[in-house]
Amino acid sequence: FAVTAAKNIGYMVFAVLPLLLHVVKNDKRPSPFAIRRITAAFVTVSVLLLLSILTNAFYIHYRTSYRFGLGISNSNLPVKAVEFLAAKKVKGKILNQLDYGGYIRYFLNQQPSIDGRLDVMEPEIFKDQVMADSESKKAELLKKLSPDLILFSYFSTPDWLRYLQNRPDWRLVHADETTALYFRNGFRDDVTVLSEDDFISRLHYPGD
């Protein structure tokens, strides 16, 4: 159970430790040798699991971009892009990928196009964005939503990067290790374009 997800390691420790202490204190049936073996096994498993988290081996095994640490990771959320928007005091209609919505809403206090609250989102909104997997569907989505800016991870949705690179009506204004931010031409033209060389220099795999 603990190996299936990092959060389950804590559950395992808090579930098993009281049971182990109960056996050691109250149950006379196991021999002292058996108790020592159970204790050693529990401690060993706990240490190995915790070491796998601390060294990122757990995340590497499951090929996720998550890594051990404190705070909000720019590898999984648009931390630097949102800081860029806040510094420029940008207010506009946003098109974003689903897992960025809550972060945008909280830290920018702006309405995202979609967020993780699928129980309150209209099914059509989710369908339109997730199913925009071709150039024609992307064009339809942009026409329907008329966003001023588009914010996405070019690792999880590289098709948007390819699409927008060939669109003369959109310009790249920010990129970091994982996130790209495009503005519609005519919207906040005071924000300068990011050159292709600058973008390439910022490419960085989130697991590095």
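If you read the sequence from its start, that first residue is 1, and numbering goes on from there.
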For residues 157-164, tabulate all N or O donor-acceptor pairs below 3.5 Å that involve a side-chain atom, not counting sequence neighbours.
unit_1: Thr157; atom_1: OG1; unit_2: Ser153; atom_2: O; d: 2.7
unit_1: Asp159; atom_1: OD2; unit_2: Lys138; atom_2: NZ; d: 2.6
unit_1: Tyr163; atom_1: OH; unit_2: Arg167; atom_2: NH1; d: 3.0

Problem - Inter-residue atom distance Leu85.CG - Gln110.CD, 0.5 Å rounding - result: 7.5 Å
Exercise for the section: For the pair Tyr106 (side chain) and Gly101 (backbone), establish whether a donor and an acceptor sit closer than 3.5 Å, ignoring hydrogens and angles. Expected result: no
Fill in the blank from the handout: On a heavy-atom basis, the closest approach of Leu172 and Ala180 is CD1-CB, 4.1 Å
Practice task
Measure across Pro18 and Ala15 and return the closest heavy-atom pair with its distance rounded to 0.1 Å.
Solution key: CD-O, 3.7 Å
Handout entry: Salt-bridge criterion met for Asp189 and Arg171 (N-O under 4.0 Å)
Key = yes
Exercise for the section: Side-chain contact test, heavy atoms from C-beta onward, threshold under 4.5 Å: evaluate it for Met12 versus Val45 and give yes or no. Expected result: yes
Exercise for the section: Treat each ILVMFWY residue as a node, draw an edge where side-chain heavy atoms are under 4.5 Å apart, and state whether Ile150 and Met131 are in one component. Expected result: no
Problem - For Phe84, ring pair (Phe, Tyr, Trp, His ring centres under 6.0 Å) partners two or more places apart - result: His174
Completion exercise
side-chain hydrogen bond (donor to acceptor under 3.5 Å, both in side chains) filter on Asn56, not counting sequence neighbours, yields none
Practice task
Let me know which of Leu98, Leu95, Ile104 forms a side-chain contact (heavy atoms from CB on, under 4.5 Å) with Ile114.
Solution key: Leu98
Problem - Stepwise side chain to side chain contact (heavy atoms under 4.5 Å, CB included) check, Leu77 with Phe107 - result: CA-CA 11 Å; Leu77 292 168; Phe107 286 97; over 6 Å; no
Handout entry: Any Trp170 side-chain heavy atom under 4.5 Å of Arg184 side chain
Key = yes
Practice task
Check whether any side-chain heavy atom of Leu50 sits under 4.5 Å from a side-chain heavy atom of Phe68, and report yes or no.
Solution key: no
Problem - Results of side-chain hydrogen bond (donor to acceptor under 3.5 Å, both in side chains) for Ser113 - residues two or more places apart only - result: Asn96, Gln129
Exercise for the section: Check whether more than 12 heavy atoms from other residues, nucleotides or ligands sit under 6.0 Å from atom NZ of Lys91, and answer yes or no. Expected result: yes
Problem - Separation of Leu17 CG from Ser46 OG (nearest 0.5 Å) - result: 8.0 Å
Practice task
Decide whether Phe1 and Phe58 are clustered together by the hydrophobic rule: side chain heavy atoms of Ile, Leu, Val, Met, Phe, Trp, Tyr closer than 4.5 Å, transitively.
Solution key: no
Handout entry: Heavy-atom side-chain proximity of Tyr103 to Asp115 below 4.5 angstrom
Key = no
Practice task
Establish whether Tyr62 and Leu51 are linked, either directly or via other cluster members, by ILVMFWY side-chain heavy-atom contacts under 4.5 Å.
Solution key: yes
Exercise for the section: Following the transitive rule for hydrophobic clusters with a side-chain heavy-atom cut-off under 4.5 Å over Ile, Leu, Val, Met, Phe, Trp and Tyr, establish whether Val193 and Leu151 coincide in one cluster. Expected result: no
Practice task
Kindly say whether Lys93 contributes a backbone atom to a donor-acceptor pair with the side chain of Asp148 at under 3.5 angstrom?
Solution key: yes
Exercise for the section: Please tell me if the side chains of Pro147 and Leu142 come closer than 4.5 Å, counting only heavy atoms from C-beta onward. Expected result: yes
Exercise for the section: Taking the side chain as every heavy atom from C-beta outward, state whether Glu177 and Phe155 have any atom pair closer than 4.5 Å. Expected result: no
Problem - Separation of Leu141 CG from Ile125 CD1 (nearest 0.5 Å) - result: 10.5 Å
Practice task
Classify the ring geometry between Phe187 and Phe183 as parallel (under 30°), tilted (30 to 60°) or perpendicular (over 60°).
Solution key: perpendicular
Handout entry: Shortest non-hydrogen separation from Ala2 to Leu49 and the atoms involved
Key = CB-CD1, 3.6 Å
Exercise for the section: Using the test side-chain hydrogen bond (donor to acceptor under 3.5 Å, both in side chains), find all partners of Tyr100 that sit at least two apart in sequence or belong to another chain. Expected result: Thr179
Problem - Listed partners of Asn109 passing side-chain hydrogen bond (donor to acceptor under 3.5 Å, both in side chains), at least two apart - result: none
Practice task
Identify the two heavy atoms, one from Gln97 and one from Ser156, that lie closest to each other, and give their separation to 0.1 Å.
Solution key: NE2-OG, 3.5 Å
Practice task
Spell out, yes or no, whether Leu181 and Ile72 are grouped together once hydrophobic residues are joined by side-chain heavy atoms under 4.5 Å, including indirect joins.
Solution key: yes
Practice task
Please examine the side chains of Arg105 and Gln111, heavy atoms only from C-beta on, and report whether any two atoms are closer than 4.5 Å.
Solution key: yes
